[in-house]
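Note sheet for the following structure.
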Protein chains: 2
Amino acid sequence: MAAKRPAARRPTMKDIARRAGVSESAVSFALNDRPGVSEITRDRVRRVAEQLGWRPSTAARALSGEGAATVGFVLARPAHTLGVDSFFLQLVSGIQEVLARRHLGLLFQVAPDVEDECAVYRRWWAEHRVDGVLVVDPRTDDPRPDLLDELGLPAVVIGGAPDERHPGLSTVWADDAGAMAALVDALHALGHRRIVHIAGLPDLAHTERRIRALRAEAGRRGLGEVESVTTDYSDAEGAAVTRRVLEAPAPPTALVYDNDVMAVAGVAAASGLGFSVPADVSVVAWEDSALCRMVKPWLSALSRDSVEFGRTAATELTALLDGGPARTVRVPVPRLIERDSTGPVRPL
Amino acid sequence: MAAKRPAARRPTMKDIARRAGVSESAVSFALNDRPGVSEITRDRVRRVAEQLGWRPSTAARALSGEGAATVGFVLARPAHTLGVDSFFLQLVSGIQEVLARRHLGLLFQVAPDVEDECAVYRRWWAEHRVDGVLVVDPRTDDPRPDLLDELGLPAVVIGGAPDERHPGLSTVWADDAGAMAALVDALHALGHRRIVHIAGLPDLAHTERRIRALRAEAGRRGLGEVESVTTDYSDAEGAAVTRRVLEAPAPPTALVYDNDVMAVAGVAAASGLGFSVPADVSVVAWEDSALCRMVKPWLSALSRDSVEFGRTAATELTALLDGGPARTVRVPVPRLIERDSTGPVRPL
DNA sequence: TGCGTGCGCTAAAGCGCTTGAGTGGAAAGA
DNA sequence: TCTTTCCACTCAAGCGCTTTAGCGCACGCA
């Protein structure tokens with residue numbers, strides 16, 4: 001019979017001090033591994049704290065200048081893009097793994113757009129809520145680095161290119177250009193000359209990087225007919241663009257999609273038009289996930305370890321919070337996993 | 001040239017008090033809409049606060065007993081299940097929508113299992129981090145309600161059945177049993193008599209509800225041959241179970257999957273075995289998402305509005321935080337969207 | 001013996017906010 | 001006119017923790 005119990009009271013340092021027979025300051029010193037108490041007292045205090053199940057009140061800590069022990073993460077994407085994207089949950093789970101070890105909280109927020117995202121940062125900063133933030137989806141002309149700089153909020157940009165204009169920000173990035181080059185290599189070797197790149201949101205920095213890389217690689221090899229079409233990452237646009245380019249007079253023989261969702265939708269659209277994959281057209285997805293092995297044919301994909309990506313980002317942020325210098329770290333270039341959706345171009 | 005600026009200082013109530021020529025208490029009264037100041041002073045204080053860009057420090061608020069202005073959300077699922085599930089992001093985005101309006105933060109954590117989840121709650125409680133939590137994936141013999149009760153942490157259980165043993169917890173749930181009944185109705189009308197249910201994790205409460213409902217409905221109609229097989233929700237198990245049941249001597253004519261991912265994998269597995277959908281076997285997914293329209297044939301699915309589900313849950317939690325009574329609210333029964341993966345059973 | 005030194009500890013202030021107990025003055029009642 | 005009441009506002013304590021200053025003590029040294 002669960003009568004309405006009063007909520008248990010949280011033990012405070014005062015309780016510990018009383019039971020250990022020392023002052024609160026001594027307790028503070030002891031528990032924070034600061035000099036000022038003897039080892040024997042330290043041990044005793046530690047034991048009492050443990051026994052009482054004491055945990056520091058983040059509120060009190062934050063108030064006395066120690067920071068909020070929390071980092072922020074804002075996802076600013078149109079709501080309908082949120083659905084079937086495996087990347088973010090994986091990323092977040094990697095982030096958590098690192099943060100949890102240090103008992104750092106993750107304050108999460110989804111916002112409709114970057115402007116709102118900035119407002120969130122301002123609010124978090126003003127409210128003392130976070131000690132640092134993880135920024136995703138960096139853009140061309142991104143207002144966020146300037147803002148974070150202005151607020152003095154430690155931050156690591158995930159997926160941005162190195163940015164020497166903001167020496168205070170760490171960056172964790174994958175070399176999209178290198179991956180694109182390798183991809184074009186592989187497709188070229190299979191005989192593909194007409195490649196269309198169904199890209200993601202136009203103002204995302206990595207979209208631009210990929211588009212430029214494709215153009216550069218094509219130029220280097222004398223491939224005239226490459227094209228990048230930007231989309232909103234949705235299955236609907238992926239399918240629509242696929243239909244459009246395949247119905248052109250000289251359809252491409254290879255399609256590169258900036259995410260798995262569009263690639264899957266694209267394959268379906270291609271089949272609908274009578275194109276068989278990979279006989280008539282090869283398909284590569286930029287993000288590997290279970291999805292790529294859930295359709296027939298299995299999709300060839302550029303695979304990277306998103307969980308590890310998250311771990312790396314979180315590690316950089318903790319380093320920053322510890323007072324370390326901002327760094328730019330590159331994670332491994334995505335690897336092309338060749339499955340059944342890519343093949344040699346059909347001989348004429 | 002971004003020289004290292006000192007981080008801007010946050011204005012405090014003291015600053016406001018000085019500029020408005022009143023005491024800090026007056027400022028507090030004014031800004032919190034408490035009696036004790038005249039309307040004219042209140043206005044002046046408000047203006048100054050606005051002008052200074054003041055925001056209350058959550059740390060200080062929390063410390064003086066006001067709560068942390070944050071709610072917690074733990075996702076305890078094995079890491080590999082995290083990938084392609086549209087449900088949670090949608091749910092979270094609905095939750096956010098409501099929380100953001102009240103400037104409540106969402107502390108998010110992924111944990112490996114329920115035990116760790118409990119540890120997280122304890123820590124959050126001890127550290128004064130959250131005012132309440134949203135609990136997902138309620139289980140049979142769930143330790144969490146007892147714990148939350150013990151801690152006196154307001155909570156709403158998402159997807160649980162009404163639970164009269166924990167009058168302090170709110171519950172937001174969908175009537176799985178009703179949906180299952182409607183589904184069996186529909187399949188029965190199409191002539192299906194042998195139905196296999198590829199269910200989710202065995203100890204999830206809604207898994208059990210669905211299994212029981214299926215059995216009850218089958219019993220009511222004299223369908224002898226129904227079966228539920230529990231899985232881990234992964235595409236791999238979905239495919240494996242599909243193969244196993246279709247290779248049995250008298251294979252089912254309809255398959256009901258507890259999520260979209262398994263359904264898609266199941267269709268692929270069925271095709272691999274030479275079963276065509278829906279001619280040889282009908283397929284229904286319990287969760288609707290873009291995924292269901294990305295495969296051929298398009299999957300019939302039980303659809304519900306997960307974003308709205310999130311909104312409802314968050315609304316209940318805020319009500320609880322406002323001191324309201326715990327409630328049990330039912331969201332609309334999932335609707336069956338009939339697409340191309342269900343059809344009449346083939347005549348012998 | 002006296003003095004400086006360092007160690008182990010305590011006292012107290014302060015972080016930014018809330019809140020209950022005053023306080024002074026004007027308006028209302030006797 | 002004096003008291004009462006009420007209102008607008010101030011004071012000060014307190015939330016749980018960190019941190020600086022300082023205190024007493026034993027020790028080493030001259």
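Each chain gets a letter, A, B and so on, in the order the sequences are listed, and its residues count up from 1.
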Pair [X], [Y]: side-chain N/O donor-acceptor within cut-off below 3.5 Å:
X: B:T312; Y: B:T315; answer: no
X: B:T171; Y: B:R327; answer: no
X: B:R129; Y: A:T70; answer: yes

Practice problem: Identify, between B:R42 and A:N32, the residue whose nearest nucleotide on DNA chain D lies closer to the 5' end. | Solution: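 The residue closer to the strand's 5' end, by nearest nucleotide, is B:R42.
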
Just the rounded figure in Å: distance from [atom2] of [N] to [atom1] of [X].
X: B:M13; N: D:dG14; atom1: CE; atom2: C1'; value: 14 Å
X: B:R18; N: D:dC9; atom1: CZ; atom2: P; value: 19 Å
X: B:R10; N: C:dG16; atom1: CZ; atom2: C1'; value: 12 Å
X: B:E66; N: C:dC17; atom1: CD; atom2: C1'; value: 9 Å
X: B:E39; N: D:dC7; atom1: CD; atom2: C1'; value: 13 Å
X: A:L31; N: D:dT19; atom1: CG; atom2: C1'; value: 15 Å
X: B:E24; N: C:dG16; atom1: CD; atom2: C1'; value: 7 Å
X: B:K14; N: D:dC11; atom1: NZ; atom2: P; value: 13 Å

Side chain of [X], heavy atoms from C-beta onward: which of [options] has the nearest atom to it?
X: B:F29; options: C:dT19, C:dG16, C:dG8; value: C:dT19
X: A:L63; options: D:dT19, C:dT18, D:dG16; value: D:dG16
X: A:S64; options: D:dT18, D:dC15, C:dC9; value: D:dT18

Exercise. Mind checking A:V27 for me? I need base, sugar-phosphate or nothing, with any heavy atom below 4.0 Å counting as a touch.
Key: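 Here A:V27 touches no strand at all.
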
Exercise. Using a heavy-atom cut-off of under 4.0 Å over every strand shown, decide if B:G36 touches base, sugar-phosphate, or nothing.
Key: base

Hey, does [Y] have a side-chain heavy atom less than 4.5 Å from the side chain of [X]?
X: A:W124; Y: A:Q109; answer: yes
X: B:L134; Y: B:L317; answer: yes
X: A:R55; Y: B:W125; answer: no
X: A:L91; Y: A:I158; answer: yes
X: A:V307; Y: A:E97; answer: yes

Hey, can you pull the donor-acceptor pairs under 3.5 Å for the side chains in residues 58-66 of chain A, sequence neighbours left out?
unit_1, atom_1, unit_2, atom_2, d
A:T58, OG1, B:E127, O, 2.7
A:R61, NH2, A:N32, OD1, 3.0
A:S64, OG, A:A60, O, 2.9
A:S64, OG, A:R61, O, 3.3

Can you tell me if [X] touches the phosphate of [N], counting only side-chain N or O atoms and a distance under 4.0 Å to OP1 or OP2?
X: A:R34; N: D:dT19; value: yes
X: B:S25; N: D:dC11; value: no
X: B:R61; N: C:dT18; value: yes
X: A:S38; N: C:dC7; value: no

Quiz prompt | Relative orientation of the end axes in the helix from C:dT1-D:dA30 to C:dA30-D:dT1, expressed as an angle to the nearest 10° (five pairs per end) | solution = 60°

Practice problem: Classify the side chain of B:S28 and the base of C:dT19 as holding, or not holding, a donor-acceptor pair under 3.5 Å. | Solution: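 By the distance-only test, no, there is no pair.
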
Quiz item: Taking DNA chain D as the partner, which of residues 50-59 of chain B come within under 4.0 angstrom of it by heavy atom?
Solution: none

Quiz item: Under the 3.5 angstrom rule, does the side chain of A:R311 hit a backbone N or O of A:I95 as a donor-acceptor pair?
Solution: no

